[in-house]
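For reference, the structure discussed in these notes is given below.
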There are 2 protein chains.
Amino acid sequence: MEVGSSGWFRELSTPSNNSETVDKQSHLPAYAQLAQILRRAISRGSYPSGSRLPAEAALARQYGVSAMTARQAVGVIAEEGLVRRVQGSGTFVQKLTVTASSFDLGALRRVLADQENLKVRILRSSVERAAGITCQALGVAPYSPLIYVERLLLHREKPFTLQVGYARFEPESPVVEMMLDTTVLTGLFVEGGPSGFKKGKLRLLPTSFSERDAQLLGDTPGGYAFRLEHIFYDTGDKPAAYGWLLVSPENMPLTGRVGVWEE
Amino acid sequence: MEVGSSGWFRELSTPSNNSETVDKQSHLPAYAQLAQILRRAISRGSYPSGSRLPAEAALARQYGVSAMTARQAVGVIAEEGLVRRVQGSGTFVQKLTVTASSFDLGALRRVLADQENLKVRILRSSVERAAGITCQALGVAPYSPLIYVERLLLHREKPFTLQVGYARFEPESPVVEMMLDTTVLTGLFVEGGPSGFKKGKLRLLPTSFSERDAQLLGDTPGGYAFRLEHIFYDTGDKPAAYGWLLVSPENMPLTGRVGVWEE
DNA sequence: AAGTGGTCTAGACCACCTA
DNA sequence: AGGTGGTCTAGACCACTTT
């Protein structure tokens, strides 16, 4: 607030601790170094939340990098949710906001990518009639024939997840073969596997294991679990497959971080 | 596969449909236009999954933009998980991979940001002794005093979420006041509110409503719910508050998208 | 009018991968 | 060795916000 007008000494024009500089010989890119400098400055309180960061041009001048490089640095911490850019106004330090966070499926990917230790066991496969939710999800009339498949995925001989899926029964469609192919499930999750779908929607829901689920997965009946619903669309944008994955929170931890994490 | 070597006509040097161009008069930025062009090309199958996109320099030449602009366009669809950059090798079209997706807390934010229609009711607040999980989460010795607060959040007069939290009992700490302040909870989630924390960890778990929870939230006992656990750290990087939020999947839908969504 | 972020250019050099 | 993505520069103009 009160700018040092009464001081015995002159404030430096740059009040922030300027001991940190960008080392252009370092192998760490300049923008990453500057981003780290800004993170530390925010963490230290040099830029309290709500305050405005120096303009990108000023940062560029101050740290001896080009405007684009400074911009990239600010972009990094903006993506982290630490600051927020407002066009025409400035870049402002954000308060810690939980909603800036998101959860990713990294743990799931890591397991499914470990193909050598993965086994798929088909528990059931049959033709069923569409009804209720499956009609809706796949956009077919009631009593339309649907392929039904139920699979158990084992990782290192331990049950990992139960997958249930329906697909439109169209013999000419490659989806049917794919559904029956034991690799299709992993193909949807592991980069490099087969797919054939164009896009998909996902929904995460809380649920619990039925007695049968628990037995199959070696978990306790009534134990809480995630249900990851998925609808996949073929190249014609028609829903082609609907299903879900049942997995315990231990096998698929969903965690996130917010605020200033320096390491 | 079979490249037209036997054709009556010469293939254009650029096999892709070149009718789409970047319109520099448009208000849509050139990089966004190019990103959309690439999305459509991938969707159409011009670049099948696994194939390599033209080099950024080639795209720049082809569409009459600078290399940096082409790079930014590729960056956009790379962030969407549609393609993957490999340094020194090229940019490759990804197969649809579910794990590229992430879930965000947008719905939660939207409600908590709607301050006018939000009410907070404190159900309980007391001093309790640390034990078990609370010791671990807050890093204090057993029997240390902890502030305990339980709040009900109502949105448009309807119960929305139940929040339970513990904080280290340190009278000199501002956390205690904050815990008892009815605005603190929303402050953690809504940008612009009060906070005072530096960083936080989040964990999402499946659970169900107890009879009491269900009654308070107007839901059915045994109904499945999300439990969003949070630990917040003060400016000294010490855990200062631990708690969780109980919310039904209807009130906090967690959805994601993968693959090529053009709209 | 001045300042800010957002976009864009036309170059440059580097690290990395593939041949 | 040549091609690719990754970084960087020193400018430029624009759209937007604030004064």
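So that the names make sense, note that chain A is the first sequence line, chain B the second, and so on, each numbered from 1. Predicted, not measured: the structure shown is a model, and the values here were computed from it.
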* So does Arg71(A) get a side-chain nitrogen or oxygen closer than 4.0 Å to the phosphate oxygens (OP1/OP2) of dG5(C)? -> no
* Side-chain N or O of Tyr31(A) closer than 4.0 Å to phosphate OP1/OP2 of dC8(D) -> no
* If you check every side-chain atom of Pro29(B), which of dC8(C), dT9(D), dT7(D) has the closest atom? -> dC8(C)
* Taking five pairs at each end, how big is the angle between the two axes of the helix from dA1(C)-dT18(D) to dT18(C)-dA1(D), to 10°? -> 10°
* Using the six-membered ring of Tyr233(B), assess whether NZ or CZ of Lys199(B) lies under 6.0 Å from its centre and within 45 degrees of the ring axis. => yes
* Would you indicate which nucleotide in dT7(D), dA15(D), dA15(C) comes nearest to any side-chain atom of Gln87(B)? => dA15(C)
* Asked: Is there a side-chain polar atom (N or O) of Arg85(B) under 4.0 Å from OP1 or OP2 of dT4(D)?
  -> no
* **Nearest-nucleotide pick for Val65(A), side chain only, options being dG6(D), dT9(C), dT9(D)** => dT9(D)
* To do: Please list, by residue number, the residues of residues 51-60 of chain B whose heavy atoms come closer than 4.0 Å to an atom of DNA chain D; answer none if no residue qualifies.
  => Arg52(B), Ala55(B), Glu56(B)
* Asked: Across the strands shown, which category fits Ala30(B) at heavy-atom distances under 4.0 angstrom: base, sugar-phosphate, nothing?
  -> sugar-phosphate
* **Phosphate-side-chain proximity, Thr69(A) and dT7(D), N/O vs OP1/OP2 below 4.0 Å** => no
* Structure fact -> With the side chain defined as heavy atoms from C-beta on, Met68(A) is closest, among dC17(C), dG11(D), dC8(D), to dG11(D)
* Taking only the side-chain nitrogens and oxygens of Thr91(B), find out if one of them lies under 4.0 Å from OP1 or OP2 of dG5(D). => yes
* With distance as the sole test, does Gln33(A) use its side chain to make a donor-acceptor pair with the main-chain N or O of Leu28(A) at under 3.5 Å? -> yes
